[in-house]
Amino acid sequence: MHKAPLAAAIFVTVAFTSAGAEDSFPPVGNATVKTECSACHMLYQPQMLPKRSWQAVVEGLAKHFGEDASLPPAKTTEVLDYLVANAADAGRSGSKFLRDLPAAATPMRITETPYWLRKHRELRPEIWKRTSVGAKGNCQTCHQGAATGDFDEDRVRIPK
Ligand code: HEC
Ligand code: HEC
């Protein structure tokens, strides 16, 4: 007798989570990733790259965009496991960052995915040269809620 309402509650929760998954970039929930992947740039949400990309990024940490970002083996495994478990292609519906991404492509940058490029193609090239912006990967300079997953285009503010 007690089982039916419980099953119904679980079903509702699962349905809700799955419906919201495509647009959801929750704050990173792993302490090691938070510490080790935020020293040099914004802490990127794993939902923005597919599993194969995180695999390649983590395997290449010793030569990471010209920097040595390597970690001891236990931390490397923990970081990789978290990124893969929460990757763009880990959820049921898949993240928007998978759109138009060829199965054979393994982007090393979020800013090289077709979805990201499409969303930012109307920004004049001059904007990316501003010192106030710095790099394309400095999401938080324009999306101030980036760390909590707020990339809503209504709240974008491009620095002068
Ligand atoms: C020692 C400094 C350093 C650390 C630590 C570091 N990175 Fe990076 N990361 C960089 C640099 C430098 C770039 C390239 C910046 C640029 O050219 O725009 C970069 C770029 C990236 C990009 C591509 C951003 C884009 O343009 O889309 C990803 C993804 C990334 N890092 C993930 C990680 C992850 C995951 C970790 C933790 C395991 C990490 N980084 C730790 C220095 C670092
Ligand atoms: C120079 C400022 C700037 C930077 C840096 C920037 N963006 Fe954006 N982003 C924008 C603007 C402006 C838009 C809105 C484009 C439009 O109106 O269609 C946007 C749109 C988006 C959207 C779509 C939002 C929606 O509601 O459809 C996402 C997702 C996004 N950006 C993610 C990122 C990520 C992730 C990064 C960093 C890797 C980043 N952006 C870096 C300016 C920026």
Side-chain angles (χ1 to χ4, degrees), residues 19-91 93-102 104-160:
E22 173 163 289
D23 289 354
S24 173
F25 309 106
V28 171
N30 174 281
T32 304
V33 177
K34 273 199 219 174
T35 311
E36 304 297 345
C37 304
S38 65
C40 306
H41 49 66
M42 181 188 128
L43 181 58
Y44 299 118
Q45 279 97 341
Q47 291 81 7
M48 295 186 176
L49 285 175
K51 295 176 190 176
R52 58 188 183 276
S53 291
W54 290 124
Q55 186 100 38
V57 167
V58 173
E59 278 170 7
L61 281 177
K63 289 181 179 171
H64 180 72
F65 303 97
E67 303 273 344
D68 181 357
S70 59
L71 296 168
K75 281 190 178 178
T76 305
T77 306
E78 186 185 347
V79 165
L80 180 60
D81 286 353
Y82 182 81
L83 296 174
V84 164
N86 295 282
D89 49 350
S93 51
S95 146
K96 294 188 279 200
F97 280 83
L98 295 177
R99 284 186 199 163
D100 303 322
L101 183 67
T106 304
M108 301 293 279
R109 289 180 180 269
I110 295 161
T111 54
E112 281 171 356
T113 60
Y115 174 74
W116 191 94
L117 290 166
R118 179 153 43 84
K119 282 290 173 180
H120 298 85
R121 73 182 161 202
E122 280 167 24
L123 275 74
R124 298 187 309 279
E126 168 269 316
I127 290 172
W128 302 111
K129 298 196 180 101
R130 294 181 191 169
T131 46
S132 55
V133 173
K136 293 180 178 174
N138 287 344
C139 322
Q140 76 288 358
T141 60
C142 302
H143 302 280
Q144 284 166 328
T148 54
D150 181 3
F151 292 91
D152 196 303
E153 53 197 18
D154 295 337
R155 283 183 290 281
V156 176
R157 196 189 58 84
I158 301 174
K160 298 277 173 230

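Counting starts at 1 for both ligands and their atoms, following the listed order. Positions are given from 1 along the sequence.
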Under 4.0 Å from a heavy atom of Ile127: which atoms of ligand 2 are those, numbered in the order shown and with their elements? 1 (C)
Identify the protein heavy atom lying closest to atom 33 (C) of ligand 2, giving its residue, its atom name and the separation to 0.1 Å. Trp116 NE1, 3.3 Å
Closest to atom 20 (C) of ligand 2 (judged by heavy-atom distance), picking from Gln47, His143, Arg124: His143
For Lys51 versus Ala90, what's the shortest heavy-atom pair and its separation? CE-CA, 3.9 Å
Under 4.0 Å to a heavy atom of Leu61 - the qualifying atoms of ligand 1, by number: 38 (C)
At what distance is the nearest protein heavy atom to atom 27 (O) of ligand 2, and which residue and atom is it? Lys119 NZ, 3.1 Å
Would you mind checking which non-hydrogen protein atom is closest to atom 16 (C) of ligand 2, with the distance to 0.1 Å? Glu153 OE1, 3.5 Å
Is any N or O atom of Trp128, backbone or side chain, closer than 3.5 Å to an N or O atom of ligand 2? no
Spell out the protein N/O/S atoms under 2.8 Å from atom 8 (Fe) of ligand 1 as residue plus atom name. His41 NE2, His64 NE2
With atom 30 (C) of ligand 2 as the reference point, say which of His120, Arg130, Arg157 has the nearest heavy atom. His120
Minimum side-chain heavy-atom gap Gln47-Asn86 below 4.5 Å: yes
Which residue holds the protein heavy atom closest to atom 12 (C) of ligand 2, what is that atom called, and what is the gap in Å? Val156 CG1, 3.4 Å
State the atoms of ligand 2, each with its element, that fall below the 4.0 Å cut-off from a heavy-atom position in Met48. 35 (C)
For a quick check under 3.5 Å, do Ser70 and Asp68 share a side-chain donor-acceptor pair by atom type? yes
With no hydrogens and no angle check, is any side-chain donor or acceptor of Thr32 less than 3.5 Å from a backbone partner on Lys75? no
Heteroatom distance test (Thr141, ligand 2): nitrogen or oxygen, under 3.5 angstrom: no
Can you confirm, on distance only, whether ligand 1 has an N/O atom lying under 3.5 Å from any N/O atom belonging to Leu71? no
Enumerate the atoms of ligand 2 whose separation from the nearest heavy atom of Thr111 is less than 4.0 angstrom. 38 (C)
Could you confirm whether Cys139 has any N/O/S atom lying under 2.8 Å from atom 8 (Fe) of ligand 2? no
Out of Lys75, Lys136, Arg109, who is nearest to atom 17 (O) of ligand 1 when you count heavy atoms only? Arg109
Looking only at protein heavy atoms, which one is nearest to atom 32 (C) of ligand 2, and what is the separation? Phe151 CD2, 3.4 Å
Answer yes or no: is there a side-chain heavy-atom contact under 4.5 Å between His143 and Val156? yes
May I ask you to check whether Cys142 brings an N, O or S atom to under 2.8 Å from atom 8 (Fe) of ligand 2? no
